[in-house]
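Just dropping this structure here.
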Amino acid sequence: MPVITLHYEDLEKLTGTDKETIIKRVPMIGADIERVEDEYVDIEFFPDRPDLYSVEGAARAMRGFLDLETGLPEYAIKPYEVSISVSEDILKIRPFLGCAVVRGVKFTSSSIKSLMDLQEDLHWGLGRNRKKVSIGVHNLENVKPPFRYMAVDPGFEFVPLDYTEKMSMTEILEKHPKGTRFAHLVRDFEKYPIILDANDNVLSFPPIINGTLTTVTEQTTDLFIDVTGLGEAVYTALNIVVTALAERGGQIEFVRVIRPGGEELVLPDLEPEERLLTKGEVKALMGMELPVEEIVKQLERMRFGASALDEETVEVKVPTYRADILHNYDLVEDIAKGYGYENIKVTVPETYTPGKSHPISLMRASVNEIMVGLGYYEVMPFTLTSEKINFENMCRPETEDVTYVLHPISEDQTMIRTTVLPNLLEILALNQHRELPQKIFEFGEVVSNETTGQHVAAVSIHPQANFTEVYEVVDALLREMMLPYEVKESEDPAFLEGRRADVYVNGKKLGVFGELHPEVISNFALGYAVVGFELDLNDLIDKNT
C-alpha cells in the first residue's frame, strides 16, 4: 500500500486545523500512521483510495471528517483555450487520452514533491506500473498549443527529462533509467507515442518520459496535464490530479480533445455520479437503523453530495475522483466511517459459540514474529497475477497446475499465483525511489492444482546482497520454528547457478533460496543484487491441525 509523506506546514494550511488533531483522527478514515517526524508524518492509505495519495486529497477528506467543510467539493472550470488532436495511428498503441490545464498554481519544493509522488503513486495504484495509465505534468509556459498526440518512428530525437543532449526514442529505451525500466510497454510497436506542440517541441513520450522543455519548477504557475492509457481509468487519474491542484488554489481549465473522425471530448469531466441509497441498505450492513437525516449528515462528512428524497431514500452525488465507489455497499462503508465505528452499538449474539485460533493463523503469527525480528517488513500483495510475472519474468517454465481467471478484466490478472516471490519482486520494482536496503516478506496463499497452500517468501535488495545473507535468514527461521532441515543443490532457473539451494524437512522438499538470477533482476527492472527464499508450509500446518 502506498505510504504518503504529509508535511505539517502544507497539511495544516490546507486542512485548517493542527497536526495533532489530524494525526489522532486520520486512522479512522482508513489509514495507518507509519511514522511521525518533526516536519512530516508518513501515512499508509488503503490502495482503494487513490484520491488520498496527496496532501491535497488527504486535507480535503479531513476537512469533511472533522466537520470543517462538508458536502460535495465543487470546482469551477473555465472554457478551453487549449486543444489537442489525436491521430489515427495512435489508437492501436495507446488509445485513451485525457487532458486538462490548471493555471495559477503556487509551488514550493514540498508541493512539487507532493505532485510528483501523487503521479508515481497513481502510476502504481491505477496505472498498473504505467501500463494502464501514465501521467505527464508540464510547464505550459514553455510550449505552444494546439498540441498533437500521435505516433512517430523510433528514430525521432528530443531531449528527455534530466538530460541535456538529444536522444532518439530507441536510445531512450536503451539508456535512460526510465526508458530501460518501462521499455517493455512500447518496444513491440513499430512506432512510439508522442505529444508535440505547434512548433514540434516534445511534451511527452508516454508512458516513458517527458521532454526536458516542460520541466515543472517552483516558478511554474500554469500546467498542462496529459494522461494516456488503455482504458477509462485515464479519466479518473486526470480528475484526481486536477482536483488536487485545485485544492492548492489552481484554476482548472477545459481542454478540447479532437479524436479521429471529428469526435470531440471536453475534459476534465467533473460531473458527479448520482446514486440512490435506502435506509434498508444501510441497516442491512451496519446492523443499526439510522434516520435519513443522519445518513445525509455522514455522507456529507465523507465529502459526498447528499439530500433526502423522502423518509426512506437518499440521493447521493459521488465525486469523480472517488474511484473506489463501485456499489452502494461502498457508500454504507463510508457512512460507518463518518458515524464512527466506536459509536456503533455492540450487541451480544443470541447464540454463544466458543472459538479458537485457526492453525493457519497460529502459523502466520509465529512466522511473522520471526521475520519481523530478522528485520523484514510484511507486505500483502494481490494473489491474482499473470503468466508473464509468475513464469516468464522468473525464467521458470509454465506448468499445468495453474488456476486461470475465466473472464479476466486485465492482462495483469489472468491467473492465481502459484508462488509468492514474483509479487515481492514487483513490490521492489515499485519502490526503487526508496532507500536501500529493502527487506520484505509475505506469508500468503498460493493455488496449485486447484488446492490452496500457504507459503512464506522474502527478498532483500541492496548492493551487497549475497547467498550467505539469505542462508542465514532461512537458517534462523527454521531454527526458531524448531524444524531440523538439510539443503541440497538446486536447479531452480530463477536463481543463480552455484548460489542456490533447495531446503528439505523430513526428506521432503520445502522450498528454495539463493541469489536471484541477473535475468530475473533485469526482467523486474531492478538495479541491485536481490536474494530471496520461498518455503511451502502447508504440510507443517496440517500436522498442527
Side-chain angles (χ1 to χ4, degrees), residues 1-3 44 47 124-125 128-129 181 363-364 367-368 370-396 412-413 415-448 453-467 469-474 476-477 490 492-496 499-503 510-538:
M1 292 190 288
V3 177
E44 183 180 53
W124 173 80
R128 292 290 182 257
N129 212 15
R181 182 178 177 186
M363 176 68 80
R364 181 191 303 274
V367 170
N368 286 7
I370 296 168
M371 291 304 299
V372 170
L374 292 171
Y376 283 71
Y377 286 92
E378 184 184 12
V379 295
M380 292 180 287
F382 297 118
T383 55
L384 290 180
T385 185
S386 66
E387 295 92 322
K388 177 178 175 62
I389 297 298
N390 199 77
F391 297 111
E392 183 180 334
N393 280 10
M394 296 297 293
C395 298
R396 288 168 170 167
D412 299 322
Q413 298 179 335
M415 58 170 283
I416 304 176
R417 66 183 182 184
T418 59
T419 62
V420 175
L421 269 177
N423 295 93
L424 301 186
L425 294 173
E426 277 191 293
I427 291 175
L428 292 183
L430 291 168
N431 285 274
Q432 294 187 73
H433 58 292
R434 302 286 179 179
E435 63 182 16
L436 299 179
Q438 294 178 25
K439 299 181 179 183
I440 58 175
F441 80 97
E442 182 195 5
F443 183 109
E445 294 182 342
V446 300
V447 175
S448 179
Q454 304 295 326
H455 285 202
V456 60
V459 290
S460 171
I461 179 171
H462 58 92
Q464 287 78 42
N466 56 50
F467 181 81
E469 174 190 343
V470 67
Y471 197 164
E472 290 173 345
V473 173
V474 172
L477 173 62
S490 175
D492 191 326
F495 295 87
L496 193 59
R499 302 180 189 180
R500 59 192 180 190
D502 291 333
V503 181
L510 200 67
V512 61
F513 67 90
E515 296 183 23
L516 273 297
H517 196 283
E519 187 174 346
V520 172
I521 294 173
S522 175
N523 288 342
F524 285 93
L526 297 170
Y528 296 93
V530 182
V531 296
F533 73 85
E534 181 159 354
L535 304 177
D536 181 351
L537 303 181
N538 222 43

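Positions are given from 1, in the same order as the sequence printed here. We use all heavy atoms of the structure for the numbers below, so side chains are in, but hydrogens, waters and symmetry mates are not.
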(message) Let's go through F391 and T418 carefully: what are the C-alpha distance in whole Å and the side-chain angles of both, what is the deciding distance for side-chain contact (heavy atoms from CB on, under 4.5 Å) to 0.1 Å, and is it a yes or a no?
(response) CA-CA 9 Å; F391 297 111; T418 59; 4.2 Å; yes

(message) The criterion is salt bridge (charged side-chain N to carboxylate O under 4.0 Å, His left out); which residues satisfy it with R499, sequence neighbours excluded?
(response) E515

(request) Go through L425 and V530 one step at a time and tell me if the side-chain contact (heavy atoms from CB on, under 4.5 Å) criterion holds. (result) CA-CA 9 Å; L425 294 173; V530 182; 3.9 Å; yes

(message) Quick check for you: to the nearest 0.5 Å, what is the distance between Q413 atom CD and I389 atom CD1?
(response) 11.5 Å

(message) Salt bridge check, R396 against D492: does any charged N sit closer than 4.0 Å to a carboxylate O?
(response) yes

(request) Locate the shortest heavy-atom distance separating M394 from P422; write the atom from each residue and the value. (result) CG-CG, 3.5 Å

(request) Work out which heavy atom in P463 is nearest to a heavy atom in A529; give both atom names and the distance. (result) O-CB, 4.4 Å

(message) Could you check whether any side-chain N or O of D536 sits under 3.5 Å from a backbone N or O of G511, counting only pairs where one atom can act as donor and the other as acceptor?
(response) no

(request) Take atom CD of E387 as the centre, draw a 6.0 Å sphere, and report whether it contains more than 12 heavy atoms from other residues, nucleotides or ligands. (result) yes

(request) Return the minimal non-hydrogen interatomic distance between A465 and S460, and the atom names on each side. (result) CB-O, 4.1 Å

(message) Distance check, rounded to the nearest 0.5 Å: N390 atom CG versus L421 atom CG?
(response) 10.0 Å

(message) For the backbone of A429 and the side chain of R181, can you confirm whether one donor and one acceptor N or O come within less than 3.5 Å of each other?
(response) yes

(message) Within this structure, what is the NE2-CD distance for the pair H455 and E445, rounded to the nearest 0.5 Å?
(response) 11.0 Å

(request) Determine, for E442 against R417, whether the closest basic-nitrogen to carboxylate-oxygen distance falls under 4.0 angstrom. (result) yes

(request) Would you give the length of the straight line joining atom CD1 of I461 to atom CG of L424, rounded to the nearest 0.5 angstrom? (result) 12.0 Å

(request) Can you see which heavy atom on L374 is nearest to which on A476, and at what distance? (result) CD2-CB, 3.9 Å

(message) Counting C-beta onward and ignoring hydrogens, is there a side-chain heavy-atom pair between V512 and V503 closer than 4.5 Å?
(response) no

(request) Quick one: do L537 and V367 satisfy side-chain contact (heavy atoms from CB on, under 4.5 Å)? Show the steps, please. (result) CA-CA 10 Å; L537 303 181; V367 170; 3.9 Å; yes

(message) Counting C-beta onward and ignoring hydrogens, is there a side-chain heavy-atom pair between N466 and E469 closer than 4.5 Å?
(response) yes

(message) With a 4.5 Å cut-off on side-chain heavy atoms, are Y377 and K439 touching?
(response) no

(message) Using side-chain heavy atoms (C-beta onward) and a distance below 4.5 Å, is F524 in contact with Q432?
(response) no

(request) Could you go through the side-chain contact (heavy atoms from CB on, under 4.5 Å) check for V459 and Y376 one step at a time? (result) CA-CA 9 Å; V459 290; Y376 283 71; over 6 Å; no

(message) Can you give me the closest heavy-atom contact between E534 and V420, atom names plus distance?
(response) OE2-N, 2.8 Å

(request) For the residue pair T419 and S448, establish whether any side-chain heavy-atom pair is separated by less than 4.5 Å. (result) no

(message) Return the CD to CG distance between E472 and L477, rounded to the nearest 0.5 Å.
(response) 13.5 Å

(request) For residues F513 and Y471, establish whether the separation of their ring centroids is below 6.0 Å. (result) yes

(message) Donor-acceptor pair, distance only, cut-off 3.5 Å: does the side chain of N423 make one with the backbone of F382?
(response) yes

(request) To the nearest 0.5 Å, tell me how far C395 SG sits from H517 NE2. (result) 6.5 Å

(message) Using only atom types and a distance under 3.5 Å, with no angle test, would you say the side chain of N431 pairs donor to acceptor with the backbone of I427?
(response) yes

(message) With a 4.5 Å cut-off on side-chain heavy atoms, are V473 and M371 touching?
(response) yes

(message) Is any side-chain heavy atom of F467 closer than 4.5 Å to one of L496?
(response) no

(request) Kindly indicate whether the side chain of V456, heavy atoms from C-beta on, has any atom under 4.5 Å from the side chain of F533. (result) yes

(message) Which heavy atom of G532 sits nearest to which heavy atom of F495, and what is that distance?
(response) O-CE2, 3.6 Å

